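Being a predicted model, the structure only gives us computed values, none of them experimental. Atoms within each ligand, like the ligands themselves, are counted from 1 in listed order.
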Amino acid sequence: MQIIAFFATKSWEEEYLKDKLKIVASDLTQIFIPEILSKEHLPSSRDFALCSVFVDSLIDRTVIDALPNLKFIVTRSTGYDHIDLAAAGERGIVISSVPSYGENTVAEYAFALLLTLSRKIYDGAHRVREETRFSFDGLQGFDLKGKTIGVLGTGRIGRHAIRMAKGFDMRVVAYDPFPNESFAKEFDFTYLSFEEVLKNSDIITIHVPYSKETHHLINEKTIALMKPGAYLINTSRGGVVDTPALAVALKQGRLGGAGLDVLEEEGVIKDELDFIVHGHPEEHSLKTVLADHVLMDLSNVIVTPHNAFNTKEALTRILDTTVEDIVGYIKGKPVNVVPR
Ligand code: NAI
């Protein structure tokens with residue numbers, strides 16, 4: 001009999017998974033562990049061969065070494081940069097993900113962040129609710145129509161963002177090492193070099209995966225190429241942006257504002273008490289954590305807690321694909337396998 005351990009699922013997700021798996025994988029024993037999986041949070045019972053995690057778990061070599069029976073990981077996410085692929089590969093562990101569940105969901109959120117900044121929605125709502133002051137003084141914004149948006153990464157989410165930008169009558173430019181020319185023709189936008197996109201855009205929205213190549217893609221040097229007063233939207237991964245460099249550029253007024261759903265070191269920010277108790281300062285950049293706090297305090301910055309994926313429709317699609325991934329693995333035909 002095989003055992004699967006689900007980490008950090010909500011109670012409704014637990015019920016949904018149990019209902020589905022009862023029908024398609026009735027022999028599979030399921031255990032639900034409320035905490036994330038990381039080296040600081042290793043479960044007491046470790047005899048499961050299958051496990052399912054979300055992006056807040058951190059499966060590094062230490063975790064993999066501590067789970068000798070582990071053969072299969074399904075991450076309930078598109079990104080898989082929270083799993084050490086090399087360490088898993090050496091042990092022959094199969095990893096499946098959810099390649100597509102929320103391209104519209106995340107692109108809609110990128111625009112929600114952008115509109116929050118461009119129309120000062122947060123400031124207006126805060127004023128009315130917290131100060132009971134019904135006045136538009138100081139809340140002047142700017143139109144999206146006619147502005148140039150630079151889309152970094154024209155994969156599933158980036159392409160949805162382009163469709164939406166076109167709906168707002170924006171001019172679109174994009175960079176992707178693998179340009180999709182037929183899509184560019186269909187939606188009437190231009191691919192430029194990375195540098196040209198930065199130089200030409202009033203707004204940059206990031207939709208690239210996090211990898212060694214995209215680590216700190218936006219840094220002091222590349223920020224210097226951006227238009228003065230440009231806006232940055234990041235719904236991809238925090239590590240794509242050099243946080244201290246962004247904090248300085250915003251604080252000095254070099255950039256107009258930023259909408260960030262993801263932060264470098266967001267794991268530490270999420271549970272600072274846990275970091276104080278279990279964390280290892282040498283493994284985390286405390287300068288970055290400090291820069292995160294600077295960003296969270298700035299009035300022209302909106303930070304949200306990695307929430308772009310979080311709609312009812314998207315989460316249901318995630319769980320459905322997770323079940324397909326599990327069934328694929330136990331039937332010996334894994335699907336949505338992460339390339340090594
Ligand atoms: P995708 O794999 O469909 O597209 C990524 C695109 O980025 C590809 O076209 C690729 O060629 C391009 N790319 C790679 N390196 C690049 C670079 N250096 N510069 C420009 N483009 C580059 O991925 P998808 O589904 O569009 O998702 C993108 C990322 O969004 C995910 O990897 C994930 O990290 C993030 N995400 C965030 C969520 C959230 O809740 N905030 C939810 C879902 C995804």
If we only consider heavy atoms of Tyr175, is any one of them less than 4.0 Å away from an atom in ligand 1? yes
Does Tyr101 have its ring centroid less than 6.0 Å away from the ring centroid of Phe309? no
If every non-hydrogen atom of Thr214 is compared with every non-hydrogen atom of Pro209, which pair is closest and at what distance? OG1-O, 2.7 Å
Ile157 versus ligand 1: do any nitrogen or oxygen atoms come within less than 3.5 Å of each other? yes
Looking at ligand 1, would His306 count as a contact under a 4.0 Å heavy-atom criterion? yes
Mind checking whether Arg156 contacts ligand 1 via backbone (N, CA, C, O), side chain (CB onward), both or neither, at a 4.0 Å heavy-atom cut-off? both
The single option from Thr311, Thr304, Asn310 that satisfies side-chain hydrogen bond (donor to acceptor under 3.5 Å, both in side chains) with Tyr109 is Thr304
Minimum-distance protein heavy atom relative to atom 15 (N) of ligand 1: Thr214 CG2, 3.8 Å
What do you reckon, are the aromatic ring centroids of His160 and His207 less than 6.0 Å apart? no
With a cutoff of 4.0 Å, is Pro177 in contact with ligand 1, counting heavy atoms of the residue only? yes
protein heavy-atom neighbour closest to atom 42 (C) of ligand 1 works out as Tyr101 OH, 3.2 Å
Mind checking whether His284 and Phe275 have parallel, tilted or perpendicular rings, split at 30° and 60°? perpendicular
So is Arg237 touching ligand 1 or not, going by heavy atoms under 4.0 Å? yes
hydrophobic_cluster_shared for Leu198 and Ile223, side chain cutoff 4.5 Å: yes
Where is the tightest heavy-atom contact between Asp261 and Leu113, given as atom of each residue plus distance? N-CD1, 4.1 Å
Hey, is ligand 1 close enough to Thr235 that some N/O pair sits below 3.5 Å? yes
